[in-house]
Participant: 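The structure that follows is given in the form of structure tokens.
A, B, ... follow the sequence lines: proteins, then strands. Residue 1 opens every chain. Owing to the predicted nature of the structure, the values given are computational and were not obtained by experimental measurement.
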Number of protein chains: 2
Amino acid sequence: MDAALRLASEHRCFGGTVSYYRHDSAVCGGEMRFSVYVPPQAQAGKVPVLYFLSGLTCTEETFQIKAGAHRLAAELGLMLVVPDTSPRDTGIPNENADWEVGTAAGFYVDATQQPWASRFRMFSYVIGELPGLIGKHFPARMDREGIFGHSMGGHGALVCALRQPGRYRSVSAFAPICAPMRVPWGQKAFRTYFGADTEAWKQWDSTELIRSARTRLPPLLVDQGTRDKFLVEQLKPELLREACDQAGQPLTLRSQDGYDHGYYFVSTFMADHLRHHAAALTA
Amino acid sequence: MDAALRLASEHRCFGGTVSYYRHDSAVCGGEMRFSVYVPPQAQAGKVPVLYFLSGLTCTEETFQIKAGAHRLAAELGLMLVVPDTSPRDTGIPNENADWEVGTAAGFYVDATQQPWASRFRMFSYVIGELPGLIGKHFPARMDREGIFGHSMGGHGALVCALRQPGRYRSVSAFAPICAPMRVPWGQKAFRTYFGADTEAWKQWDSTELIRSARTRLPPLLVDQGTRDKFLVEQLKPELLREACDQAGQPLTLRSQDGYDHGYYFVSTFMADHLRHHAAALTA
């Protein structure tokens with residue numbers, strides 16, 4: 001292990017290892033944290049990499065303790081990489097004052113407004129610096145990347161994929177914020193990170209990106225619970241469906257009866273998502 | 001739902017429901033909390049009940065979010081019932097001062113020493129009042145009960161079973177405190193809850209109970225990680241093995257290479273334990 005990565009803890013899990021790391025991020029200008037599940041197949045050779053982007057208030061630990069993903073990732077031979085949801089302890093005033101913006105609410109964008117612009121660069125971190133570390137320090141097949149996420153992180157996964165067509169072989173989301181420009185969570189975050197000019201917001205809105213895209217992504221899998229308390233006001237999967245229909249973007253959008261927004265929902269459909277990714281990543 | 005149970009939250013999960021309850025406990029003299037996973041099979045009829053007793057610092061939520069048990073419980077048709085690890089907010093001086101005794105450290109015993117004796121009665125709660133509520137309010141086959149647990153709760157599961165031979169059809173444990181009388185965790189708790197007379201401690205020590213038992217329990221399944229930091233000082237599975245060997249108690253004690261004490265370990269072997277219980281409970 002390179003001194004650049006500081007191992008915080010590691011835990012044997014389903015024949016592989018869940019590990020937590022900290023490092024000094026050049027992109028985010030300070031310490032960042034992430035977690036990795038390395039499946040048992042990595043002892044014999046490099047394995048595909050699947051990134052999971054978490055939602056508001058989460059950390060790099062949430063997915064690893066709540067999602068129930070390790071059993072099947074160990075069976076399918078997938079490495080699971082989970083970044084934290086923002087830089088922390090940046091010294092930016094009021095960074096912790098609001099759970100919808102600032103700490104744990106990085107929205108996987110590169111902020112352009114100060115004081116955020118120098119630290120809140122989660123998009124560049126997730127697509128650049130983090131994969132660089134993974135490729136350097138872990139037995140990862142960097143030509144086989146997939147990405148998925150939950151809520152704010154579902155938005156993040158879609159935007160990361162839409163802004164880099166051809167990069168990720170597989171994409172999916174649980175209860176994503178489908179049209180951040182049009183909902184309170186996204187509007188507050190985008191105003192904070194990009195300022196008032198909504199024209200600049202479009203390049204960070206998956207529905208807008210799908211509309212303007214010249215190429216198609218691999219078929220998207222999206223699950224949404226019907227009893228999710230954020231469904232109507234914040235998530236709006238109907239706008240994602242509309243955009244995909246208009247653009248000819250393949251989408252499987254599943255409405256899951258009675259499920260809410262949390263990890264009881266995410267864990268229930270985790271196996272379907274892991275198989276969706278494995279079909280593309282391990283083929 | 002009887003007014004006696006207050007539903008705190010419920011979540012759809014693998015076709016069933018995880019629910020959290022609070023109620024006024026007669027046995028513990030104040031509010032108690034528990035969680036229940038009701039599998040989908042319960043829509044068609046009563047299902048067996050499997051109790052999980054958690055370890056130090058845990059709550060009734062820990063197992064439900066970290067153990068990854070719902071997928072297979074839904075497949076096998078098992079109800080999972082998880083009590084909190086102690087009464088809380090009892091007003092007993094210093095109840096929160098030490099993580100090894102008091103709040104979240106009830107040890108599943110009935111304390112005899114004041115000020116604990118009036119409230120810390122987790123044994124009677126787990127074997128009596130809680131099952132009474134389950135049988136009354138849930139679609140549970142009360143003639144089909146199994147019990148398991150982790151660490152302090154592994155001790156609890158063994159002691160509950162050993163003190164009521166014939167009651168539980170299946171018993172297992174993850175990294176249990178096998179001989180509380182002989183280790184610091186148990187000694188501190190037993191001194192606090194029972195006083196200095198160590199003779200009285202024997203009826204709460206699974207190794208002692210196995211030695212003195214006149215009847216055998218069903219075959220025990222116990223998993224223990226080799227990299228568990230509490231293994232040598234606090235858990236001592238070799239004493240459980242010795243007692244079982246001497247008493248002719250069937251025991252499968254598995255040493256799991258490289259695993260630690262946490263839920264990454266528990267979740268890895270959860271399926272084996274659920275199948276162990278289902279074999280006895282659903283036969």
Participant: Report the residues that fulfil ring pair (Phe, Tyr, Trp, His ring centres under 6.0 Å) with Tyr108(A), sequence neighbours left out, ordered by chain and then residue number.
Facilitator: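 With sequence neighbours excluded, Tyr108(A) shows a ring pair (Phe, Tyr, Trp, His ring centres under 6.0 Å) to no residue whatsoever.
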Participant: Which atom names give the shortest non-hydrogen contact between Asp260(A) and His11(B), and what distance separates them?
Facilitator: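 In this case the closest contact between Asp260(A) and His11(B) is OD2-ND1, 2.8 Å.
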Participant: Using a heavy-atom cutoff of under 4.5 Å, enumerate the residues of residues 69-82 of chain A that contact chain B, numbered in order, or state 'none'.
Facilitator: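 Heavy-atom contacts from residues 69-82 of chain A to chain B are His70(A), Arg71(A).
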Participant: Counting heavy-atom pairs under 4.5 Å with chain B, which one of Gly258(A), Gly15(A), Ala67(A) comes out on top?
Facilitator: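 Option with the greatest count: Gly258(A).
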Participant: Among Phe269(B), Tyr259(B), Tyr263(B), Phe265(B), which has the most heavy-atom pairs under 4.5 Å with chain A?
Facilitator: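 Of Phe269(B), Tyr259(B), Tyr263(B), Phe265(B), Tyr259(B) has the most heavy-atom pairs under 4.5 Å with chain A.
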Participant: Heavy-atom distance under 4.5 Å to chain B: side chain of Gln64(A), backbone, both or neither?
Facilitator: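 Both backbone and side chain.
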Participant: Partners of Phe14(A) by ring pair (Phe, Tyr, Trp, His ring centres under 6.0 Å), sequence neighbours excluded?
Facilitator: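 In terms of ring pair (Phe, Tyr, Trp, His ring centres under 6.0 Å), with neighbours along the sequence ignored, Phe14(A) is linked to no residue.
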Participant: Using a heavy-atom distance cut-off of less than 4.5 Å, which residues of residues 32-49 of chain A contact chain B?
Facilitator: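 Listed by number, there are no contacting residues, so the answer is none.
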Participant: Show the nearest heavy-atom pair for residues Tyr264(B) and Arg12(A), with the distance to one decimal.
Facilitator: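 Heavy-atom minimum between the residues: CB-O, 3.6 Å.
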